[in-house]
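Read the structure below first, then the notes.
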Number of protein chains: 2
Amino acid sequence: MSRQEATHTHRIPLNRDRVLRAAVALADATGIDALSMRRLAQELGVVPMALYKHVANKEELLDGMVDTVVGEIDPPAAGPDWQRVVRGRILSARRVLLHHPWAARVIESRTGPTPTVLAYLDSMAGSFRDGGLSADLTHHVMHAMGSRLLGFSQELFATSGPSGPPDPGLAAHYPHIAELAATAAHDGSSTVGGGCDDQFEFEFALDLLLDGFESLRRQSWTSARKA
Amino acid sequence: MSRQEATHTHRIPLNRDRVLRAAVALADATGIDALSMRRLAQELGVVPMALYKHVANKEELLDGMVDTVVGEIDPPAAGPDWQRVVRGRILSARRVLLHHPWAARVIESRTGPTPTVLAYLDSMAGSFRDGGLSADLTHHVMHAMGSRLLGFSQELFATSGPSGPPDPGLAAHYPHIAELAATAAHDGSSTVGGGCDDQFEFEFALDLLLDGFESLRRQSWTSARKA
DNA sequence: TTGACCAGTGTACGTCGTACACCTATGCTC
DNA sequence: GAGCATAGGTGTACGACGTACACTGGTCAA
């Protein structure tokens, strides 16, 4: 065992994690468009096909990169003030995304969320629930936050099929998300099957912002107060 | 002149507009990933290189497609209530984007806005100004709307260089945007050069939403009122 | 010693965007 | 009408890309 790296030209073997880290670093350095399997392999001193022993294909590589980035977001701080908790976490997410400028676009291009992303969203929903927001309100609030949570738009929760009971395994791992999915399912007002009423969610956030703007206008708000 | 289409196998010549329309239709039908210059040429009964007589390259094709889509958004309705005007226009933009599901991602991938997009944003800013919002507030409001206006994120206004006076031609064509750029330039609080304080803009929208959520929570808001 | 297993290799295919040289019919000028 | 520039369409070719598939060599359990 001690001669693991004894034989002189013996490379440390690749693994999924090294591949993902290298991919993130390469995307940071040269942009997402310059990230090809061939360039990445070259960076790792390996032939392109070697990568496929560690990721199934490029899509899975991108999924893994997203997970790596989402993993950099700070866990929620403890504290009684839910707004402080959520605010801090979202600003952490923003810092991470600013550090990996390609990430927002990649996240948006994914078709389904990975478990890592689901866990992040679940934890975020948990912060709202802990702050005393109802499951119903939390649901709409999560939609309203939309891209500010991560760069996602509203069809995130369409993952659960159009009918039938939600995956029971989901509830075990992501209790808050399961709860939100449940409220969406049995208040199914305008949509026929399960899933959310995207139009309602859009207007919910839009009106919240427009009302906020009008309120600022009435009080002659100016950004100078911040200086 | 009368024999313009007389000679039997004479194709109607292509033009930029026909190319763009066909590209939009193809993307609508088969998804943006299936849109290649070769597939598009085939759809038009033409050899791939023929397209390059009408668009410089694929990037310009995508720009043109975005313009086509943005051109479908309704003009602002007239009316004294600025919230109604803005709301209606944004919902129109949303309808258009729902009709072209690929568009949001393409818009976000563009590096700089086209004149058509600038005109749309200028007109939107004009609606806020007409509603009595100050130039300062309008500026932040435009940022806060962010992706809800079209799918853009905040670095939109970074187009004007980091220093020097803004393009005088810009003011003529896009007076409201020029006005916003001006307010951003000479209140330059935390950023060194010109441009916006993206961090401030992000927190502005974030806090507006968080405060709105807290207010709903206090009044035990529930979405059932909508039913 | 054998043989299964696994990380890494090499070759090859089909697709992509597009540079470049070429053709050909249109329509302008004399 | 004769001559000719020009715009629109063609054909060939190149260098990327993602990845299927068959392989090789080194490790370790039996």
Side-chain angles (χ1 to χ4, degrees), chain A residues 1-24 26-27 29-66 102 105-106 109-111, chain B residues 1-24 26-27 29-66 102 105-106 109-111:
Chain A
M1 275 109 182
S2 63
R3 58 189 288 280
Q4 191 189 8
E5 27 79 87
T7 32
H8 54 309
T9 48
H10 214 49
R11 230 195 326 264
I12 312 135
L14 242 44
N15 57 43
R16 192 166 204 277
D17 212 68
R18 285 224 304 140
V19 170
L20 294 181
R21 285 177 187 287
V24 167
L26 187 56
T30 68
I32 195 65
D33 291 334
L35 176 76
S36 69
M37 298 301 273
R38 294 165 126 102
R39 281 275 289 121
L40 177 57
Q42 180 180 326
E43 208 74 16
L44 288 162
V46 112
V47 93
M49 287 311 294
L51 300 177
Y52 289 86
K53 291 285 146 80
H54 305 284
V55 294
N57 48 45
K58 192 174 184 182
E59 289 296 292
E60 203 196 273
L61 176 78
L62 292 172
D63 279 343
M65 292 170 70
V66 168
W102 47 270
R105 199 148 38 109
V106 173
S109 76
R110 302 299 81 202
T111 55
Chain B
M1 275 121 179
S2 62
R3 60 188 286 280
Q4 190 189 11
E5 26 79 85
T7 32
H8 55 308
T9 48
H10 213 49
R11 229 195 327 264
I12 311 136
L14 242 44
N15 57 44
R16 193 165 203 277
D17 212 67
R18 285 225 302 140
V19 170
L20 294 182
R21 286 177 186 287
V24 167
L26 186 56
T30 67
I32 194 67
D33 291 335
L35 176 76
S36 68
M37 298 299 274
R38 296 167 125 102
R39 281 274 289 118
L40 176 57
Q42 180 180 323
E43 208 74 15
L44 287 162
V46 114
V47 93
M49 287 311 293
L51 301 176
Y52 289 85
K53 290 282 148 76
H54 306 283
V55 294
N57 49 44
K58 192 175 185 182
E59 289 296 293
E60 204 197 273
L61 176 78
L62 292 172
D63 279 343
M65 292 170 69
V66 168
W102 48 270
R105 197 142 46 101
V106 172
S109 75
R110 303 298 80 202
T111 54

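Every value quoted in this text rests on a predicted model; they were computed, and no experiment measured them. Order of the sequence lines sets the chain letters (A, B, ...), proteins ahead of strands, with each chain counted from 1.
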Are any non-hydrogen side-chain atoms of A:M37 and A:V55 less than 4.5 angstrom apart?
yes
Report the residues that fulfil side chain to side chain donor-acceptor pair (under 3.5 Å) with B:R105, sequence neighbours left out, ordered by chain and then residue number.
none
Return each pair, listed once, that meets side-chain hydrogen bond (donor to acceptor under 3.5 Å, both in side chains) where at least one residue sits in residues 36-48 of chain A; pairs must be two or more places apart or across chains.
A:R39-A:E43
Rounded to whole Å, CD of A:Q42 lies from C1' of D:dA16 at a distance of 13 Å
Residue set satisfying side chain to side chain donor-acceptor pair (under 3.5 Å) with B:D17, at least two apart, ordered chain then number -> B:R21
Would you give me the side-chain donor-acceptor pairs under 3.5 Å for residues 44-54 of chain B, sequence neighbours excluded?
none

Five pairs at each end of the helix from C:dT1-D:dA30 to C:dC30-D:dG1: take the axis at both ends and give me the angle between them to 10°.
10°
Base versus backbone protein contacts along nucleotides 13-19 of chain C [heavy-atom cut-off under 4.0 Å; B, S, -]:
---BBBB
Check whether any side-chain heavy atom of A:V24 sits under 4.5 Å from a side-chain heavy atom of A:W102, and report yes or no.
yes
Please report, rounded to the nearest Å, how far the P atom of D:dG25 is from the NZ atom of A:K53.
15 Å
Nearest 0.5 angstrom please: B:S109 OG to A:D33 CG, how far?
8.5 Å
Please report the distance, rounded to the nearest Å, between CG in B:L14 and C1' in D:dT10.
14 Å
Hey, does the side chain of A:H54 come within less than 4.0 Å of C:dC6's phosphate (OP1/OP2), counting only N and O?
no
Evaluation steps, side chain to side chain contact (heavy atoms under 4.5 Å, CB included), between B:V66 and B:D63:
CA-CA 5 Å; B:V66 168; B:D63 279 343; 5.5 Å; no
Within this structure, what is the CG-to-P distance between A:D33 and D:dA16, rounded to whole angstrom?
16 Å
